[in-house]
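Below is one structure, written out as structure tokens, with a few remarks after it.
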Number of protein chains: 2
Amino acid sequence: MGLLDDIHSPADVRALPPEALDELCREIREYLIESLSRQGGHLASNLGAVELTVALHRVYDTSRDRLVFDVGHQCYTHKILTGRAAGFNDFRQLGGMAGFPKPSESVHDAFIAGHASNSVSVALGMARARTARGEDYDVVALIGDGALNGGMAFEGLSDAGHSGEPLVVILNDNGMSINEGVGGLADMLGRMRTRVEYIKFKKWYRGSVIPRIPLVSGMISRGKRWLKERIITENIFDDLGFEYIGPIDGHDIRKVANALRWAKQYRAPVLVHVITQKGKGFAPAEKAPEAFHGVGAFDARTGVPQYTGEDFSSVFGRALTEIAGEDKSVVAITAAMKEGTGLIGFQEAYPDRFFDVGIAEEHACAMAAGMAAQGLKPVFAVYSTFLQRCYDMLIHDVALMGLHVVFGVDRAGIVGKDGATHQGAFDVAYLSSVPGMKLYAPSNFQELRSMLRMAVLADTGPVAVRYPRGGEGVFLGDSSGKTAETVHFHGGDVTIVSYGTEINEAMMAARMLRDRDIEPEVIKLNVLSPLEPELVLESVRRTGVLLVAEDACAAGCVGERLLAAIEQAGICLRAARLVNLGDGILEHGEPYDLRDKTGLDNGSLMRTVLEMLHGEDKA
Amino acid sequence: MGLLDDIHSPADVRALPPEALDELCREIREYLIESLSRQGGHLASNLGAVELTVALHRVYDTSRDRLVFDVGHQCYTHKILTGRAAGFNDFRQLGGMAGFPKPSESVHDAFIAGHASNSVSVALGMARARTARGEDYDVVALIGDGALNGGMAFEGLSDAGHSGEPLVVILNDNGMSINEGVGGLADMLGRMRTRVEYIKFKKWYRGSVIPRIPLVSGMISRGKRWLKERIITENIFDDLGFEYIGPIDGHDIRKVANALRWAKQYRAPVLVHVITQKGKGFAPAEKAPEAFHGVGAFDARTGVPQYTGEDFSSVFGRALTEIAGEDKSVVAITAAMKEGTGLIGFQEAYPDRFFDVGIAEEHACAMAAGMAAQGLKPVFAVYSTFLQRCYDMLIHDVALMGLHVVFGVDRAGIVGKDGATHQGAFDVAYLSSVPGMKLYAPSNFQELRSMLRMAVLADTGPVAVRYPRGGEGVFLGDSSGKTAETVHFHGGDVTIVSYGTEINEAMMAARMLRDRDIEPEVIKLNVLSPLEPELVLESVRRTGVLLVAEDACAAGCVGERLLAAIEQAGICLRAARLVNLGDGILEHGEPYDLRDKTGLDNGSLMRTVLEMLHGEDKA
């Protein structure tokens with residue numbers, strides 16, 4: 001493959017002559033496109049960050065300097081340059097290389113990443129630790145313009161700018177949120193990209209004058225302070241106490257490296273504004289970068305994705321659009337996830353009733369509460385793992401007033417390849433603790449349609465509908481009318497309880513048990529909170545044996561609540577097992593591999609029942 | 001009392017002649033000082049907002065216009081002017097008037113308040129609802145400079161500035177965080193207060209020119225856009241798309257009212273920057289506003305507070321300072337709560353190891369994670385209710401990497417007079433769901449010292465210590481060496497389980513039961529997560545009757561987990577009762593009143609046991 005074959009660590013990158021770097025970037029892009037076309041991943045953002053990442057490794061030694069990625073899906077080139085190119089062979093598979101930075105994977109990964117807007121805070125913490133311990137290394141946060149919209153990034157910038165801690169924040173501005181026209185911050189970045197004269201001036205006095213003549217630099221700062229005290233501020237970053245450099249062409253390695261070298265020696269909080277093009281170097285991705293944000297396998301030549309069928313997200317989007325047609329007070333909210341949550345169609349049908357607030361889940365939730373307080377029916381579609389950001393708003397802004405806000409909780413349960421930072425393992429626990437929150441768990445597309453309709457049009461107060469990533473299984477019935485239903489057999493040997501798409505594994509396990517002359521009863525829960533245990537109580541009174549299978553973390557799981565109810569009902573079980581996602585930390589891998597690993601697959605469920613009944617595995 | 005006697009609604013305020021307003025404000029201050037001196041409350045912030053609130057009611061009709069308070073502790077004048085002056089007689093008592101805005105209390109309270117930084121988001125939601133429903137009323141958010149530092153406020157401003165929705169945000173800048181020198185945002189506000197020339201210019205073209213000559217206004221906007229595209233921006237608000245007016249003297253009713261009238265007719269997002277003095281009009285509070293932020297009863301003449309003894313917060317602060325003396329890697333973090341969390345002494349002793357990040361809990365948590373990743377031992381002292389903001393950071397930034405961050409969870413359980421928005425009802429549930437989180441529950445000062453020491457110096461990974469507001473009870477033993485201990489008797493009739501200061505009620509109930517020839521066993525839990533149920537299992541095997549008393553919400557409570565463990569252990573109880581905070585919504589009132597209300601007082605606990613044993617109340 002050429003140069004790449006000889007790149008085993010960042011030192012090899014630094015050893016390359018400058019004239020070889022363009023060829024290196026070309027090879028990296030080729031490798032990325034070829035690898036991702038086979039197994040998917042975050043393509044566009046990585047193609048845009050190739051030169052920027054190479055420049056970073058020319059200036060910093062990430063084995064000691066701490067490079068903190070924000071979200072981190074743009075770390076592929078970093079992984080290639082830090083000796084992990086081969087990792088793309090078992091990329092995002094169980095036991096294989098992760099799709100996000102992972103300290104346990106490499107010393108070059110300073111911190112975990114996956115959720116947005118935390119990088120400045122984490123980097124400031126590291127910089128303060130360095131100073132407190134009298135150590136000597138550089139700390140760099142790499143944040144995209146989308147993640148910059150998240151409030152925590154602002155909190156971090158405000159504290160960092162005031163702290164004076166030597167710290168470099170690189171704003172990788174690929175203008176996505178600008179194209180999307182989301183937020184005043186995006187508008188501002190759009191304007192900043194055009195401040196040519198100003199940049200020239202700064203390039204001059206920073207690039208040449210300051211380093212040599214401290215006096216001049218001092219005069220300039222005083223001059224700027226004088227101006228600040230009157231009318232002029234450079235921009236929001238400078239307002240918060242950062243030295244600002246930019247915008248810089250992020251595909252010009254020399255310019256980026258020079259800016260980083262200057263920032264490195266400035267020994268204060270510096271923000272380097274770098275402009276990159278998402279999808280750079282791959283025509284289909286340049287044309288439609290959003291389509292290539294997170295992709296499945298595709299044709300490396302044409303970029304045409306392999307066919308992927310209907311999934312819960314697309315069903316949700318169409319169902320909500322239909323409901324909105326019947327009730328004008330229904331509005332849809334997303335936090336920069338309109339593709340992922342299936343809301344494109346809603347936006348096209350009802351542009352005035354669609355609100356993309358950018359990466360700002362907290363704001364989305366509190367805004368929805370305000371809308372509900374004034375007579376709208378807001379539906380916030382959000383991934384289970386990102387809704388964690390709203391726990392306080394769920395309680396304080398929504399639940400305390402019992403406001404009717406609907407949450408479309410997408411990617412609930414096992415998510416798969418995106419790994420530990422993205423699994424929807426906690427929503428059952430934290431949503432159940434929100435006062436008055438009703439929680440639906442549809443098992444297939446039809447139930448999602450029915451339950452969403454009830455949630456939006458029939459229910460009052462806070463209500464959430466949780467559904468998984470991907471498609472439905474063999475169970476296609478609609479039992480949405482009941483909070484719980486016996487969906488399979490009515491046997492007296494064992495009670496198997498489950499919900500969502502996991503019900504398919506439970507039913508298959510039940511079939512296999514029947515072939516072994518064991519009579520199970522399978523109960524499917526449709527409403528997880530408030531939990532109505534009556535049907536389960538009635539069943540375990542007969543069977544005396546209980547298995548609860550759920551794709552949720554153990555703490556606060558449904559099984560725990562059922563056992564408590566059973567104990568309080570004075571029923572003494574002969575045996576009980578709870579199969580779930582344990583502590584909630586679940587690595588990346590294919591969903592079916594993760595099901596096997598957690599014992600949630602039908603074979604494991606069957607064996608668990610046999611163990612309970614016979615005290616040993618009869619499988 | 002004069003004018004106040006005739007103020008029964010805001011209409012009466014609007015009916016007053018301008019020359020009467022100063023006298024009205026004088027009477028309001030007199031009434032506030034007199035009332036709060038008797039029963040305490042948030043004094044300084046309310047004294048500072050008197051003229052601002054009167055001006056608001058001169059311009060807006062809060063029975064239809066929506067006034068959204070941020071945090072809301074500055075709402076007292078608003079309550080007085082909206083017919084609730086008499087409410088200060090049973091102020092913050094059970095069934096009495098709340099200390100925060102409460103829609104169920106008055107149509108003039110548009111939204112609940114208590115947590116910071118949500119007002120712009122809520123107001124934008126209301127403004128969008130108004131527009132979507134084609135209604136006609138004004139929406140105003142009133143936010144302090146401290147709350148403005150919270151990231152959600154930035155998310156709200158970014159979305160609102162871009163939206164173009166007619167909306168007024170009033171920044172009540174009393175410069176507290178500036179005096180505290182917290183954050184780059186505070187520094188910026190400090191600079192803005194001095195931009196005199198600029199203000200004059202704006203006052204001129206806004207006050208006189210714009211209203212009359214739209215052409216000129218258009219030219220000015222175009223001119224400003226031209227400047228923006230080059231170097232100049234007014235400030236952060238203007239960057240985000242707001243029209244900015246200010247700073248304005250918040251104690252000049254005429255000026256404030258004029259600014260509001262202009263903002264009202266501008267039909268776009270406007271930010272009105274008002275400068276007020278915290279504690280205004282009460283010499284002791286003007287001198288030391290922080291001391292009068294939230295006060296107990298005090299001498300209305302001198303401001304000298306009635307004596308209050310040592311409490312868990314002060315013990316925590318001294319213990320942490322002592323620990324920091326032994327381990328240089330220990331640092332303390334607070335989110336604008338250094339007084340409340342008892343960290344003043346720590347700051348004095350170790351200024352370089354003390355970090356007040358302002359109202360920015362998310363940032364505080366992620367920053368702590370970065371510190372821990374690089375070798376420090378960060379301790380984040382935070383109220384239970386505000387730590388809810390960090391649920392995602394607890395999981396993503398701290399737990400996934402198993403980082404050793406210590407959380408001092410203050411105000412856990414029943415908080416009392418501050419009411420539903422402040423009760424620490426959820427921490428047991430949400431902290432138990434965080435992977436690997438260890439949760440201590442000390443019952444007295446000595447146990448807090450011991451457990452904090454273990455948490456900081458002995459434990460690894462995420463660890464939290466939860467302790468209540470106020471002082472300790474009769475139980476003064478130190479059982480911190482064990483995860484659970486039988487602290488009272490060893491009877492065979494009933495097992496009573498509790499933790500924290502609630503153990504005092506449990507032990508008293510046990511004594512009263514003994515007087516009735518019932519032999520109880522009282523087990524005190526010291527570590528709530530991971531939960532080690534063995535001691536309880538051993539006990540209920542003998543007694544067959546269980547009562548679990550805890551000041552936490554029912555969902556995910558310890559009692560639920562104990563019952564699940566008991567069922568899985570194959571033990572069949574004759575009777576079991578869980579006494580707790582139910583759905584977690586607990587109104588304001590004296591803690592002892594709230595204990596009675598929830599059945600957590602010793603008398604109720606005793607009666608509950610008698611009911612379980614005899615099927616009826618023998619008390």
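Numbers restart at 1 for each chain; the letters A, B, ... are given by sequence-line order, proteins then strands.
For the options A:G161, A:A360, A:A123, heavy-atom pairs under 4.5 Å to chain B are most numerous at A:A360. The greatest number of non-hydrogen atom pairs below 4.5 Å with chain B, out of A:R353, A:R130, A:E361, A:M393, is found for A:M393. For the set B:A129, B:A373, B:A153, the count of heavy-atom pairs under 4.5 angstrom toward chain A peaks at B:A129. Considering only heavy-atom pairs separated by less than 4.5 Å from chain A, the leading option among B:R577, B:K102, B:R561 is B:R561. Contact count against chain A (heavy-atom pairs under 4.5 Å) is highest for B:N149 among B:N149, B:L403, B:V139. Listed options B:M126, B:M152, B:H396 were ranked by heavy-atom pairs under 4.5 angstrom with chain A; first place goes to B:H396. If you tally non-hydrogen atom pairs under 4.5 Å between each of B:E135, B:R128, B:Q568 and chain A, the highest count goes to B:R128. With chain B as partner, the option from A:E560, A:E567, A:M367 having the largest number of non-hydrogen pairs under 4.5 angstrom is A:E567. When the candidates A:G150, A:A575, A:A127, A:C572 are compared by the number of heavy-atom contacts under 4.5 Å with chain B, A:C572 comes out ahead. Put simply, of A:S104, A:G156, A:S432, the one with the most heavy-atom pairs under 4.5 Å next to chain B is A:G156. Ranked by heavy-atom pairs shorter than 4.5 Å toward chain B, the options A:I585, A:L563, A:I566, A:L531 are led by A:L563. Among B:V357, B:L394, B:L573, the residue with the largest count of heavy-atom pairs under 4.5 Å with chain A is B:L573.
Looking at B:F386, neither its backbone nor its side chain comes within 4.5 Å of chain A, counting heavy atoms on both sides. The part of B:R133 that comes within reach of chain A is its side chain, from C-beta onward, which places non-hydrogen atoms under 4.5 angstrom from that chain. A:D352 does not touch chain B: none of its heavy atoms, backbone or side chain, sits under 4.5 Å away. If you measure heavy-atom distances from A:I571 to chain B, the contacts under 4.5 Å come from the backbone alone. Only the side chain of B:I395 comes within contact range of chain A, with at least one heavy atom under 4.5 Å from a heavy atom of that chain. Neither the backbone nor the side chain of A:A565 comes within contact range of chain B; no heavy atom of the residue lies under 4.5 Å from a heavy atom of that chain. Neither the backbone nor the side chain of B:L586 comes within contact range of chain A; no heavy atom of the residue lies under 4.5 Å from a heavy atom of that chain. Only the backbone of B:A113 comes within contact range of chain A, judged by heavy atoms closer than 4.5 Å. Contacts of B:S433 with chain A are made by both backbone and side-chain atoms, with heavy-atom separations under 4.5 Å. Using a 4.5 Å cut-off between heavy atoms, B:R574 makes no contact with chain A at all. Both the backbone and the side chain of B:A369 have a heavy atom closer than 4.5 Å to some heavy atom of chain A.
Between A:Q388 and A:D427 there is no side-chain heavy-atom pair separated by less than 4.5 Å. Side-chain contact between A:K377 and A:K328 is absent, with no heavy atoms from C-beta onward closer than 4.5 Å. Residues B:D583 and B:C553 are not in side-chain contact: their nearest non-hydrogen atoms beyond the backbone lie 4.5 Å or more apart. A:D392 places a side-chain heavy atom less than 4.5 Å from the side chain of B:H115. The shortest side-chain heavy-atom distance between A:Y391 and B:Y430 falls under the 4.5 Å cut-off. Here the side chains of B:M188 and A:L240 are not in contact, with every heavy-atom distance at 4.5 Å or above. Annotation: side chain of B:F111 is in contact with side chain of A:D397 (closest heavy-atom distance under 4.5 Å). You'll find the side chain of B:I359 reaches within 4.5 Å of the side chain of B:S117, heavy atoms only.
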Side chain to side chain contact (heavy atoms under 4.5 Å, CB included) between B:V120 and B:V68, worked out: CA-CA 8 Å; B:V120 180; B:V68 182; over 6 Å; no
Checking ring-ring contact (aromatic ring centres under 6.0 Å, His included) for the pair A:F154/B:H363: CA distance, chi angles, key distance, verdict? CA-CA 9 Å; A:F154 172 81; B:H363 163 62; over 10 Å; no
Apply side chain to side chain contact (heavy atoms under 4.5 Å, CB included) to residues A:C557 and A:V428 and explain how you reach the verdict. CA-CA 7 Å; A:C557 69; A:V428 171; 5.5 Å; no
Can A:R389 and B:E362 be said to form a side chain to side chain contact (heavy atoms under 4.5 Å, CB included), step by step? CA-CA 9 Å; A:R389 283 271 166 99; B:E362 296 187 297; 3.7 Å; yes
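Of the N and O atoms on the side chains of A:Q374 and B:Y137, at least one donor lies less than 3.5 Å from an acceptor on the other residue.
The nearest pair of heavy atoms linking A:L581 to A:A425 is CD1-CB, 3.9 Å.
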